[in-house]
Visitor: 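Okay, handing you the structure first.
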Amino acid sequence: MIDAPSLKVMMAGRREDGDVDDAGTGVATRTRTRTKQPSPYKVLMLNDDYTPMEFVVLCLQRFFRMSIEDATRVMLHVHQKGVGVCGIFTYEVAETKVTQVMDFAKQNQHPLQCTMEKA
Ligand code: TYC
């Protein structure tokens, strides 16, 4: 003897995606999930002749959660090469970090520049 729920499933229309169309009417019962990874963005710090090294280290610690060792390493890289990567983030997070650094530099009257670009 086959119970009613089993019979219902046996009689229902079966879909290629594995969903059971209980009603057997051929009506779509599931919308497709199309997910896309957000594009990564690099936040870059630029060198200048006036911003104190200690201030750049402080920015890297405060806004990019770096240890003093990592912050010093990145600051020295920027000082020597002209530009360096502070981190890679989604567009919105990268934009927030750039704004935080630029606002903090302005408040302290330093010409420090921070930008972002697609990774
Ligand atoms: N070049 C600066 C100096 O000699 C230090 C500095 C480092 C400035 C990194 C900006 O992003 C920077 N005081």
Side-chain angles (χ1 to χ4, degrees):
M1 179 60 180
I2 301 164
D3 60 291
S6 304
L7 194 61
K8 190 177 173 206
V9 168
M10 287 167 72
M11 293 178 67
R14 286 174 185 280
R15 291 155 49 94
E16 272 179 36
D17 62 8
D19 237 10
V20 173
D21 174 7
D22 289 339
T25 55
V27 173
T29 56
R30 203 197 311 189
T31 51
R32 250 207 295 186
T33 43
R34 269 184 192 278
T35 52
K36 227 171 51 200
Q37 300 271 300
S39 301
Y41 284 79
K42 288 190 276 194
V43 172
L44 305 173
M45 200 75 97
L46 307 182
N47 189 35
D48 66 73
D49 293 338
Y50 306 102
T51 304
M53 291 183 172
E54 299 72 29
F55 185 80
V56 179
V57 170
L58 178 60
C59 286
L60 293 167
Q61 289 183 281
R62 181 178 293 201
F63 302 118
F64 299 92
R65 307 199 162 287
M66 285 187 202
S67 65
I68 188 146
E69 292 84 5
D70 283 351
T72 303
R73 185 179 48 75
V74 172
M75 181 281 295
L76 284 174
H77 173 93
V78 176
H79 177 68
Q80 286 158 7
K81 310 268 181 192
V83 61
V85 179
C86 306
I88 299 177
F89 309 94
T90 61
Y91 184 91
E92 289 78 8
V93 173
E95 202 180 32
T96 300
K97 306 254 181 216
V98 168
T99 302
Q100 286 173 328
V101 171
M102 296 295 285
D103 288 353
F104 190 50
K106 196 168 257 178
Q107 276 171 34
N108 289 276
Q109 295 164 314
H110 296 310
L112 181 62
Q113 296 291 306
C114 186
T115 59
M116 58 191 272
E117 68 176 33
K118 212 162 182 189

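Both counts, for ligands and for their atoms, begin at 1 and track the order of listing.
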Visitor: Given a heavy-atom cut-off of 4.0 Å, could you list the residues near ligand 1 in chain and number order?
Guide: Met45, Leu46, Asn47, Asp48, Thr51, Met53, Val56, Met75, Val78, His79, Leu112
Visitor: What pairs of donor and acceptor atoms, side-chain ones from residues 92-105 against any protein atom, are under 3.5 angstrom apart with sequence neighbours left out?
Guide:
unit_1, atom_1, unit_2, atom_2, d
Thr96, OG1, Glu92, O, 2.9
Lys97, NZ, Phe63, O, 3.0
Thr99, OG1, Glu95, O, 2.9

Visitor: Looking only at heavy atoms, what is the nearest atom pair of Pro111 and Tyr50, with distance?
Guide: CG-CB, 3.9 Å
Visitor: For residues 74-93, which residue pairs pass the ring pair (Phe, Tyr, Trp, His ring centres under 6.0 Å) check, not counting sequence neighbours?
Guide: Tyr41-Tyr91
Visitor: Are Val78 and Val83 close enough that some pair of their side-chain heavy atoms sits under 4.5 Å apart?
Guide: no
Visitor: Scan for side-chain hydrogen bond (donor to acceptor under 3.5 Å, both in side chains) pairs involving residues 107-119, sequence neighbours excluded, and state none if there are none.
Guide: Lys42-Glu117
Visitor: Check whether any side-chain heavy atom of Val74 sits under 4.5 Å from a side-chain heavy atom of Met45, and report yes or no.
Guide: no
